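Below you'll find the structure, written out as structure tokens, and then a few comments.
Per chain, numbering begins at 1; letters A, B, ... match sequence-line order. From a predicted model like this one, the values you see are computed outputs, not experimental measurements.
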Number of protein chains: 2
Amino acid sequence: MDHGNDIQEYPRPALTVDCVVFGVDLEERDLRVLLIQRDHPPFKHKWALPGGYVHLEESLEEAARRELAEETNVTDVYLEQLAVFGDVDRDPRGRIVTVAYSALVTLRDYDLRGATDARDAAWFSVDEVEQLAFDHDRILALACARLRQQVLQEPIAFALLPAAFTLTQLQRLYEIILGTTLDKRNFRKKVVSLGLLERLNAVERHVAHRAAWLYRFDQREYQRKKKRGFRFAL
Amino acid sequence: MDHGNDIQEYPRPALTVDCVVFGVDLEERDLRVLLIQRDHPPFKHKWALPGGYVHLEESLEEAARRELAEETNVTDVYLEQLAVFGDVDRDPRGRIVTVAYSALVTLRDYDLRGATDARDAAWFSVDEVEQLAFDHDRILALACARLRQQVLQEPIAFALLPAAFTLTQLQRLYEIILGTTLDKRNFRKKVVSLGLLERLNAVERHVAHRAAWLYRFDQREYQRKKKRGFRFAL
DNA sequence: TCAAAAGTGTTGGGGGTACACCCATGT
DNA sequence: ACATGGGTGTACCCCCAACACTTTTGA
């Protein structure tokens, strides 16, 4: 980086963060994304990704968390940097570069009806979304592609489930994200053989059939194995 | 993105691009990175990644290409966005956010001794680099990790080789990047079975042993297969 | 003729895929 | 009793890993 020149010499692009927040609805078998409706031009009344300006005294990830909390009341999420979008004309008002983050949450934790600050935030099924503001369609498309790719190579799916879950829920989650169906026996064999699931001493409640065992993802064990060169794969 | 507020309301971080330019030296069996020596404080005389400020009228990738050409005379490279680094204190002079790109070039194409604008650019073996300026060590480490990962999942290695190459060169390249040794027969079987290599009607010249066939990577065929759902894998 | 790298096949094992039935529970 | 999903085992096939010798060429 050539920082020999004075730091103030050039006019600067504006810098924002945007968040692609994913949640799954296991009952509806639906991958959802959290959007907010704009109430100012440009793109007034269009839906857009939550986000906003980066302040000077906060890191990019801090900015993403802050905006997410302010606009949608969503907190404590798994956040990951996705990409930067910096085309010259991506915003009609001028040069605005945005850093996109993707976030994974469990849908039930965030009932937006209860959120006070969230004026017009709502969950949309990802394949029903269309015509978002700015280049947010592109950002969402990349986020979906990356999610599908990552879910096979890193144990991020668990961030979309409650702490205790059944193997069937886990399988359904993978099916929703990948858009395929999976063989029950093979899925269970593989996922159990990874040695990362702990079967709890508890079963589902209030189901009109045989209750399934509950499992939790063993984060500590995963970290241990990862250090020894273990690579997670579906 | 909440663009309801006026675009000029907040003070903005400065925005730069930095490039991690990789090249391989097949003779020395070395993965190299291109660095420039700083001639102003901070970090005067330290080595750093080439890069500089993003102008208002150019995209991020254009900025990366421009800075690379200006500082090192390197042009026509395969460029890919790596990540954004935006910690508040990553630059002692103030808030500077940088977009890191990684680039792959064939070493022989860019003899820096012949470059006129490149004051103090030089190739370094990646495992001999230490104590770069700013957080460039972190950026380089991420770039190396990503390169190792990507080389197994996308046919990017060919961007590091001349257009016509031997299978042994290709194998050596993989060995250099992955830091392992590979079995010659298994490697050739796998790489040929992908159906992406075209054997040219030509062999190596000026070698003191049996001359090897030359191959080229069939970019068109790769694009065709990719559209049909084909996924490259080592 | 020697040195140096090119080129080539087979075998065994592990993991992935395909596939169908009985079990436990709540109503 | 019945409906609903929970839970389990086997056989085959393919791909990966391990492994050594002959061929070609220039010096």
Side-chain angles (χ1 to χ4, degrees), chain A residues 24-29 151-153 161-162 164-176 178-216 225 229-234, chain B residues 24-29 151-153 161-162 164-176 178-216 225 229-234:
Chain A
V24 277
D25 185 325
L26 291 172
E27 281 75 40
E28 301 292 329
R29 311 212 174 188
V151 87
L152 295 174
Q153 294 171 3
L161 290 176
F165 52 86
T166 69
L167 294 183
T168 298
Q169 286 178 318
L170 184 61
Q171 179 177 347
R172 230 179 252 164
L173 174 60
Y174 272 92
E175 290 175 337
I176 291 167
L178 298 174
T180 57
T181 66
L182 299 169
D183 179 83
K184 181 160 55 157
R185 285 170 289 189
N186 293 336
F187 180 81
R188 290 160 104 95
K189 250 180 298 176
K190 199 183 316 190
V191 83
V192 167
S193 76
L194 291 173
L196 296 174
L197 297 186
E198 181 189 351
R199 196 176 80 180
L200 304 176
N201 231 332
V203 293
E204 272 182 310
R205 300 273 67 188
H206 314 302
V207 287
H209 53 79
R210 173 173 176 180
W213 286 104
L214 292 173
Y215 291 78
R216 72 174 196 86
K225 294 200 178 195
F230 168 86
R231 273 187 74 81
F232 180 92
L234 164 77
Chain B
V24 277
D25 184 326
L26 291 172
E27 281 74 41
E28 300 293 329
R29 314 214 172 186
V151 87
L152 295 173
Q153 294 172 3
L161 289 176
F165 52 85
T166 68
L167 295 183
T168 299
Q169 286 177 318
L170 184 61
Q171 178 176 347
R172 229 178 253 164
L173 174 59
Y174 272 91
E175 290 175 337
I176 290 167
L178 299 173
T180 57
T181 65
L182 300 169
D183 179 84
K184 182 161 53 157
R185 283 169 292 188
N186 293 336
F187 180 81
R188 291 160 102 97
K189 249 179 298 177
K190 199 184 312 190
V191 84
V192 167
S193 75
L194 291 173
L196 297 173
L197 297 186
E198 181 190 351
R199 196 177 80 180
L200 304 176
N201 230 331
V203 295
E204 271 182 311
R205 299 274 66 186
H206 312 302
V207 287
H209 54 79
R210 176 174 177 178
W213 286 103
L214 292 173
Y215 291 78
R216 72 173 195 89
K225 294 200 179 196
F230 167 84
R231 272 187 74 80
F232 180 92
L234 165 78

_Could you work out, with side-chain contact (heavy atoms from CB on, under 4.5 Å) as the rule, every residue matching A:R29, not counting sequence neighbours?_
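Scan of A:R29 (side-chain contact (heavy atoms from CB on, under 4.5 Å), adjacent residues dropped) gives A:R172, A:I176.
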*Of all residues at least two apart in sequence or in a different chain, which pass the side-chain contact (heavy atoms from CB on, under 4.5 Å) check with B:K190?*
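Testing B:K190 for side-chain contact (heavy atoms from CB on, under 4.5 Å), a comparison that skips the adjacent residues, returns B:L234.
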*Mind checking side-chain hydrogen bond (donor to acceptor under 3.5 Å, both in side chains) for A:E28 and listing every partner two or more places apart, or none if nothing turns up?*
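With sequence neighbours excluded, A:E28 shows a side-chain hydrogen bond (donor to acceptor under 3.5 Å, both in side chains) to no residue whatsoever.
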*Listed partners of B:Q169 passing side-chain hydrogen bond (donor to acceptor under 3.5 Å, both in side chains), at least two apart*: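 In terms of side-chain hydrogen bond (donor to acceptor under 3.5 Å, both in side chains), with neighbours along the sequence ignored, B:Q169 is linked to no residue.
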*Please list, chain by chain and in numerical order, all residues satisfying ring-ring contact (aromatic ring centres under 6.0 Å, His included) with A:F165, sequence neighbours excluded.*
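Partners of A:F165 by the ring-ring contact (aromatic ring centres under 6.0 Å, His included) criterion, ordered by chain and then number, come out as A:F158.
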Would you be so kind as to tabulate the donor-acceptor pairs closer than 3.5 Å made by side chains of residues 180-187 of chain A, with sequence neighbours excluded?
unit_1	atom_1	unit_2	atom_2	d
A:D183	OD2	A:R185	N	3.2
A:D183	OD2	A:N186	N	2.9
A:D183	OD2	A:N186	ND2	3.3
A:N186	OD1	A:K189	NZ	3.2

*Taking any atom under 4.0 angstrom from a heavy atom of chain B, which nucleotides of DNA chain D are the first and last to qualify, 5' to 3'?*
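Both ends considered, the range comes out as D:dA17 to D:dG26.
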*Using a heavy-atom cut-off of 4.0 Å to chain A, what are the terminal contacting nucleotides of DNA chain C, in 5' to 3' order?*
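Both ends considered, the range comes out as C:dT17 to C:dG26.
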_Check: A:V151 main-chain N/O paired with A:Y174 side-chain donor or acceptor under 3.5 Å_ =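 Yes: the side chain of A:Y174 pairs with the backbone of A:V151.
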_Would you compute the distance between atom CG of B:L178 and atom CG of B:L173 and round it to the nearest 0.5 angstrom?_
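Between atom CG of B:L178 and atom CG of B:L173 there are 9.0 Å.
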_If I take atom OH from residue B:Y215 and atom CG from residue B:L167, how far apart are they, to the nearest 0.5 angstrom?_
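The CG atom of B:L167 is 4.5 Å from OH of B:Y215, to the nearest 0.5 Å.
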*asked:* What residues from residues 180-194 of chain B pass a heavy-atom cutoff of under 4.0 Å to DNA chain C?
replied: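 By residue number: B:K184, B:R185, B:R188, B:K189.
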_Among residues 202-211 of chain B, which ones have heavy-atom contacts with DNA chain D below 4.0 Å?_
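B:V207, B:A208, B:H209, B:R210 - these, ordered by number, are the residues of the stretch whose heavy atoms sit under 4.0 Å from the strand.
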*Touch class at under 4.0 angstrom, heavy-atom based, for A:T166 against every strand present*: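 Since no nucleic acid heavy atom lies under 4.0 Å of A:T166, the category is nothing.
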Contacts table for residues 195-205 of chain A: side-chain donor-acceptor under 3.5 angstrom, sequence neighbours left out:
unit_1	atom_1	unit_2	atom_2	d
A:E198	OE1	A:R216	NE	2.7
A:E198	OE1	A:R216	NH2	2.9
A:E204	OE1	A:A212	N	3.1

